[in-house]
Amino acid sequence: MSDEMEEIISEFVTEAEETLEKIDPMFVDLETRGYDKDILNEIFRGMHTLKGAAGFLGFQPIIDVAHRAESIMKRLRDGDMTLTSGIMDVILKCVDMLRLLISHISAKDNVEENLSPLLSALDAVINSQEPADTEIDLKKETGISSETASQPEEVKEIAPEIVGLPLQTAGAAAASASPLPSAATEELVQQVSKEKEVVSTLRVDVTRIDKVMDLAGEIVLARNRIINLATKLEMTHSDDPNVESLLETTSFLDRVTSDLQLAVMKIRMQPIQKVFSRFPRMVRDLSRSLGKDINLEIFGEDTEVDKSVNENIGDPLIHIIRNSIDHGIEHADERIAKGKHGKGRIIISAYQKGTQIVIEVSDDGKGIDVEAVKRKALAQGIITEEEVQKMPDETAINLIFLPGFSTKDVSTELSGRGVGMDVVKTNVGKLNGYVEVVSVKDEGSTFRISLPLTLAIIQSMMVRIGSEYYALPQSMIEETLRVRRSDIKDVAGQNVLTIRGKVLPVFSMSETLGVRSGSSKVQENRYVLVASVADRRFCITVDELLGQEEIVIKTISGVDSEECGILGATITGDGKVVLILDLAVMARRIFTSKAVRKA
Amino acid sequence: MFNLKIKVLVVDDFPTMRRIVKNLLKQLGFENIDEAEDGSQALAKLKTGGYGLVVSDWNMPVMEGIDLLKHVREDETLKAIPFLMVTAEAEKDKVITAIKAGVDNYVVKPFTAEVLKEKLEKIADKKPSLKAGG
């Protein structure tokens, strides 16, 4: 196959995927709104375009499916057929099949799908009136035209006859042409075409962008080293004019690198809509199959996130939403008995909060039974009786994210929230984010996923613990303090520190990590970092604060972040390799296990 | 043979289709090929002048191929321009509409370079501007 052809096919795959992605949520819209000519036309056009291009490329299965879907859409659009849930189901299956067929083309796996069941279902819709498994009608049924869409074969035979026609009539038609379009229309046309030019885009292979991203990361590391060296030179050779120029150049390099980094980061950003667009369909299908009535509301779908977030956040979100539908939202009668609206609600929203992206999934279902969670955790030996007493409810709920916290037998008792929630947490953790849950019995649950804006380069705080240096993600550190040892008080076995009237628990990093603290025992002053993880604030003590640094996260293969609380490693300005600590894991360890209680 | 120096405008909302049509035209020897995403963009481009052939899809957002054709035929400066409509078989019944609106010929998707050549030759018989030296 020629390169040109390869390229055309890969373009086709991308565009076909985009087309399907765009029309997918339209079906759900259509189902709620009933007849809408514009939407029907848009879907029709999508199918039509796919079929046309597939025709040139010889993808017969796509043509077979898209052609039939197009015929149905055309008749729906022209009012020759009324939309029923049954027809909708068949068309949705078409979209799924097209997606599958396109994925085969993309993977070049030569896998052939068995199309016959789908094609006969489609033909049934086209030829008769409705598919066999028709359910409730959305609209009152009207007379359905029995004429079928003309078959390609017949048409090709007619074609030559028509060709002769234009040559005689063309002149007459041109002669009888009506006057020119008004100046206003012309202006509008030009305006529209100008607008189009402004938003022109360029399609680039992701590997190229990632290469640029990688290189930008390397530049950040090199810049850090140069800053470090320049600062050292300044101290030893402050009288050398070259050193002064070096410092100037370095500060320029510093600024440009930051800008470059931001610019590269933006290339990778995409609206989260790419992920959200799947959900209306999913919620529809799932709630229908469970016989529940659920209204899905989506906000902030234009929030931009890193491409890798879009690629990896889908599964955890699906998991959470599925749980909400399956176990959170009650059946209508149960809801009404509780004094709620019979129709359940799920709200998915995304927004940027500082340097973080927050994605929330809320439902107004039955909520999580905290007592049941506690009982289960106790029975499994995850927490002790004493801890159960002390543990606030909001902490206890988060026990469901612990890997050891199982699952199946609990699922009914706990509204099924235990099922695979550790998977959600693990996936979110891979994106350096964290997930938390707030739940009120009979009022509903909210799962909140917080993710860093960028995954590759982060602002960090360099600290020393014992004889080792570590980097902590700046995004989770609120402030740094130097306090007197005597300021840290012991309250019922827990060290606490009062900061501006708020009492916060204090933990020693060296003890949490299990490393020997250096000279801290004799020190009168302690360095304290106030960390904020998942709305929980606490203090950690370290032996020394070395300052902020922009670092590039390099993952260490074979190291499980969850197990050891290490995000990865980085190379610092002075060329040292340091470990990056995962504060979210630390926090969970501190709060949920029998972790160190003293600082 | 055709006048291969003329500027051709390929109109289609689907980029892959534009590329395919462009390739087919290149196979016939056309070198100067421009693109537009829909009828209105095409019309704006045509009005800047210099185009010798339009190959347009029928079904597009904003302005469909048939409306583009009507606008072209209603415009004194554009009305003589050779116009080839690309259609799908489902739109066959609409071909008559296009003929009445003054389309020079039409071609059904999918088509080969050979078919495209035949269609263009038919147009060239009537519109010498498309012919070599014309």
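Computed over heavy atoms, backbone and side chain alike; hydrogens, waters and symmetry mates excluded. The model shown is predicted, which means the values in this text are computed figures rather than measured ones. To find a chain, count down the sequence lines: A is the first, B the second, and so on, and within it residues start at 1.
- Around NZ of B/Lys7, the count of heavy atoms belonging to other residues, nucleotides or ligands within 6.0 Å exceeds 12.
- Judged as a side chain to side chain contact (heavy atoms under 4.5 Å, CB included), and not counting sequence neighbours, the contacts of B/Ser56 are B/Val11, B/Val54, B/Met60, B/Leu68, B/Phe83.
- The side-chain heavy atoms of B/Ile20 and A/Leu57, taken from C-beta on, include a pair separated by under 4.5 Å.
- Contact annotation for A/Thr19: only side-chain heavy atoms (C-beta onward) come within less than 4.5 Å of a heavy atom of chain B.
- Put simply, CG on B/Asn59 and NZ on A/Lys74 are 10.5 Å apart, with the number rounded to the nearest 0.5 Å.
- Heavy-atom neighbours of chain A within the stretch residues 24-32 of chain B, taken at a separation under 4.5 angstrom, comprise B/Leu24.
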Start with the C-alpha gap between B/Asn23 and A/Ile8, add the side-chain angles, then the distance that decides, and say whether side chain to side chain contact (heavy atoms under 4.5 Å, CB included) holds. CA-CA 10 Å; B/Asn23 273 348; A/Ile8 289 183; 3.1 Å; yes

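- For a heavy-atom cut-off of 4.5 Å, chain A lies close to B/Asp13, B/Phe14, B/Pro15, B/Thr16, B/Met17, B/Arg19 in residues 12-19 of chain B.
- Counted within 6.0 Å of CG on A/Asp205, heavy atoms from surrounding residues, nucleotides or ligands total more than 12; the atom is thus considered enclosed.
- Proximity to chain A is absent for every atom of B/Asp125, based on heavy atoms less than 4.5 angstrom apart.
- Contacts of B/Lys22 classified as side-chain hydrogen bond (donor to acceptor under 3.5 Å, both in side chains), with partners at least two apart in sequence or in another chain: B/Glu35.
- Comparing A/Ala16, A/Ala53, A/Gly58 by how many heavy-atom pairs each has under 4.5 Å with chain B, the most go to A/Ala53.
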